[in-house]
Structures are given as structure tokens and as C-alpha cells.
Amino acid sequence: MASKRKAAPGQQGLQILSQGPITVIEEDFLSEPMGAVRSSIEDRVRLSLREPFRPTSLRDLDPDHGSLFRYIMKRIGEGPPSTSSQSGGTLTHAMVSGAVPIAPFDGVRRGEKFEAHVAAHPGALTPTMTEHAKSRALYERLRGHTLAAPRLFGDHARHEVELAFEMLGLQFVCHPDVLTRVDGEEAISELKTARSAHPDALRAACISYGYLAQLAAYRIARRQDLGSDTAPIACFLVGIESAPPYEITVFRASESALTFGEKQLSLWVERLKGAISAFESGAGMSAWPEAAQTVLALDVDDLGAELVFPDEGADEDAA
């Protein structure tokens, strides 16, 4: 007689049957023909492509860091959940912008009391008191920093303003952290929380995480909003460490850095356009391939691995 176990969280729709040493998984959503499941996903993709795109998600289109499959799955809501560090960054951003209400919960993030707290504060972030205190420390550090504060706060600062723009025939929408004026100049500021805000680490993240492309997209959007393709706009990146002492680095992107970001952004948009065209031409989900399409060879040369043994002669001399 097969015994039944309740599906673990995140496995709704799965019924796990244990039969001796063999575990059989019955997937309820596959009770329909596989073609129907695939068709359902394609319908969701087709609907999602009618909505404006967000430049912040395009990094998943970089062949070195993501795949078309990852991009489209996240777009239809099938992406991985946020990490604790991402959640902490979201909370700090909410404190800086004031655009999202925050309702701290005195307890653990589970159970009926927490669910009731969430229900009583619709649309609000509901961190624990510990999470709230940590993000509050980052906020206070930013508030008191002589370089960061003028670029994130003040009379001219507008937070999370929605900007729409067009690029290569596709429609985009974005929400820069801050639109402001610095020293009398139109400016855009983007806040990033990170494990390390050392200039070298943050500079490397600008390339690997697409921060330059993000700033370039915001500048394009703001210029289209102003009605000038050449309007001078300063772009700042404010990085703060997520742990004490909350070190802060402020970068101003050079024109060459923003040009690099625009090129990176263009490559991603071109790749997106190609996938959309293939999908609409009948390729279906094969238009959104995973990063690896075949079994790949794994070699130590690919990893840069090297074993260094002590010199035996040196050991004998020492003896």
C-alpha cells in the first residue's frame, strides 16, 4: 500500500507517493497532455510580450550571465524567490524613497499572527523588527553621509518616478531610484546595497551586474521625458555595504562608461528582439533556449585550477 506525504512548500500540485525504496512523483498538472501544458506556458509568454519591458531585467539576456529561458520564465513569474540580501535592499530602498509603506512585525515571519499582520497592511513591506532595524541603520548612514545624502535626498529629489521610453522599436518602462539636481545639474542616482562597497568591488559589479547599462537606460528614458536626446544628465551610483560599518562609495559615471552601458543595453535588446521575432514566427518555446543546449565537457583548464606541490629538494635541505 503506497503511503502519501504532504507536498513540501513550493511543491503545490505534486503528490508524492512512497513505495518501498522507490519514490514516485505524480505531477497533477501533467494529467493533461504535455502539449496542453506547453501551450499554456506559451500563452502566458505571448501575453507578457504585450507589456512594456523593464531594463533592469535585461541582464538575464547576457550570454555570460543568463539565458533567454531564464529571462522569459522570470517575466511570466516563474523566477527564483528573492534572497535575504535582495529583500534587505528592497527595504532600504523603501525607506529612502518613502514610496512603499513599511509595517514591521514583532515576531517570526510565519504563523497565523504574521499572516494576520500582512492581511492588515495590504501593499506594505512587513519585515521583522530585526530586519527593520538593520535597514534603518543603512538608511541613517546614507542620511548622514556628505556625498550620498545630496544625491539621494533633498528638495529636488523625486523617488521611483515612472519613465517610459522606446529603444530599437520596443517599449520600456523604468523607475530610477532618484531624479534630482546636484550642483544645479540634472541628475539620476541609483542606490545599491552590496557585501562590499569598496571601489574596486563596486566598479567590477558595474560590469558584471549591468549597472552601467541600467544607468544608461535611465538616462535615455529621462532624455526622452525631457524631449532632448542630448540633455546633460549626471548619473551617480551610490553603493553601501549591507553590514557594519556600512562603508559607502559614490561613483559618477563618465561619458565613456555610459556609452559602454548603452552598447551593452543595445546588445541585450537586439537579442530580445530576435527571440520575440522567432517566437511570433512559430518557434514557440524553442525561441527561449537555456544557456546550455548539449552535454558540455568539464575540464580543469576551464576552471583555471592548478595544484602546487612543495619543492621536495627544499624540504630535504630544511631537514
Side-chain angles (χ1 to χ4, degrees), residues 54-60 62 65-66 70-71 74-75 77 79-105 109 118 121 123-145 147-153 157-163 173-180 188-218 235-251 253 261:
R54 296 181 180 274
T56 51
S57 65
L58 294 184
R59 176 178 174 268
D60 284 322
D62 191 319
H65 301 285
R70 172 182 287 270
Y71 173 81
K74 289 172 70 173
R75 185 167 174 82
S82 298
T83 64
S84 59
S85 60
Q86 289 171 331
S87 299
T90 299
L91 183 56
T92 303
H93 276 73
M95 290 181 177
V96 169
S97 69
V100 181
I102 301 172
F105 177 67
R109 194 194 296 277
V118 172
H121 299 87
L125 297 178
T126 53
T128 64
M129 296 300 291
T130 300
E131 292 167 341
H132 185 268
K134 179 179 178 180
S135 289
R136 185 72 189 184
L138 271 71
Y139 170 80
E140 295 294 346
R141 178 82 171 94
L142 290 165
R143 268 287 189 185
H145 195 270
L147 297 178
R151 290 160 176 83
L152 298 176
F153 308 101
R158 295 187 294 150
H159 299 90
E160 303 288 344
V161 175
E162 182 172 294
L163 297 176
V173 65
C174 62
H175 299 81
D177 285 342
V178 187
L179 299 181
T180 188
I188 297 170
S189 297
E190 184 68 11
L191 173 64
K192 299 297 182 185
T193 56
R195 290 184 179 180
S196 173
H198 186 279
D200 290 343
L202 198 58
R203 192 176 287 110
C206 285
I207 305 298
S208 59
Y209 287 97
Y211 295 161
L212 292 178
Q214 187 176 352
L215 286 174
Y218 291 165
C235 295
F236 295 97
L237 185 72
V238 179
I240 182 170
E241 291 182 352
S242 55
Y246 309 119
E247 187 172 358
I248 293 174
T249 295
V250 178
F251 278 131

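Quick caveat, the model's predicted, so the values are computed rather than measured.
Taking 4.5 Å as the limit, some side-chain heavy atom of Leu163 sits within range of a side-chain heavy atom of Leu179. Proximity of Val178 to Val238: side-chain heavy atoms (C-beta onward) are nowhere separated by under 4.5 Å. Under the 4.5 Å side-chain criterion, counting only non-hydrogen atoms from C-beta, His175 is in contact with Arg54. Proximity of Leu191 to His93: side-chain heavy atoms (C-beta onward) are separated by under 4.5 Å at one or more points. In this structure, Val100 and Thr90 have side chains that are not in contact, with every pair of non-hydrogen atoms separated by 4.5 Å or more. Side-chain contact check for Tyr218 versus Cys235: every heavy-atom pair is 4.5 Å or farther apart. Leu237 is not listed as a side-chain neighbour of Val250, based on a closest heavy-atom distance of 4.5 Å or more. Contact check for Lys74 versus Ser57: no side-chain heavy atoms found under the 4.5 Å cut-off.
Taking OG1 from Thr92 and NE2 from His132, the interatomic distance works out to 10.0 Å, rounded to the nearest 0.5 Å. Distance check: Phe236 CZ to Thr180 OG1 gives 9.5 Å after rounding to the nearest 0.5 Å. Interatomic distance, Tyr71 OH to Leu58 CG, rounded to the nearest 0.5 Å: 5.5 Å. Put simply, NZ on Lys134 and OG1 on Thr128 are 10.5 Å apart, with the number rounded to the nearest 0.5 Å. Taken to the nearest 0.5 Å, the NE2 atom of His65 stands 9.0 Å off from the CD1 atom of Ile207. With rounding to the nearest 0.5 Å, the separation of CD1 in Ile240 from CG in Leu152 is 9.5 Å.
Evaluation of the ring-ring contact (aromatic ring centres under 6.0 Å, His included) rule for His121 yields His117 as partners, not counting sequence neighbours. Legend: residues meeting ring-ring contact (aromatic ring centres under 6.0 Å, His included) with Tyr139, ordered by chain and number and at least two apart, are Phe153. With sequence neighbours excluded, the residues forming a side-chain contact (heavy atoms from CB on, under 4.5 Å) with Glu247 are Glu241, listed by chain and number. Checked against side-chain hydrogen bond (donor to acceptor under 3.5 Å, both in side chains), Glu140 has the following partners two or more places apart in sequence or in another chain: Arg136.
Shortest non-hydrogen contact noted between Ala217 and Pro55 is CB-CB, 3.7 Å. Nearest heavy-atom pair across Ser97 and Glu160 is CB-CG, 3.9 Å. When every heavy atom of Leu91 is checked against every heavy atom of Glu131, the shortest pair comes out as CD2-O, 3.6 Å.
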Review item, side-chain donor-acceptor pairs of residues 195-206, under 3.5 Å, at least two apart:
{"residue": "Ser196", "atom": "OG", "partner": "His198", "partner atom": "N", "Å": "3.3"}
{"residue": "His198", "atom": "ND1", "partner": "Asp200", "partner atom": "N", "Å": "3.0"}
{"residue": "Asp200", "atom": "OD1", "partner": "Arg203", "partner atom": "NH1", "Å": "3.1"}

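Applying the salt bridge (charged side-chain N to carboxylate O under 4.0 Å, His left out) rule to pairs touching residues 87-96 yields nothing, sequence neighbours excluded.
Remark: Arg141 fails to qualify as a cation-pi partner of Tyr246 under the 6.0 Å distance and 45° angle criteria applied to the six-membered ring.
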- Message: Apply side-chain contact (heavy atoms from CB on, under 4.5 Å) to residues Tyr211 and Glu190 and explain how you reach the verdict.
- Response: CA-CA 9 Å; Tyr211 295 161; Glu190 184 68 11; over 6 Å; no
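In this structure, the side chain of Arg59 engages the main chain of Ser208 through a donor-acceptor pair within 3.5 Å.
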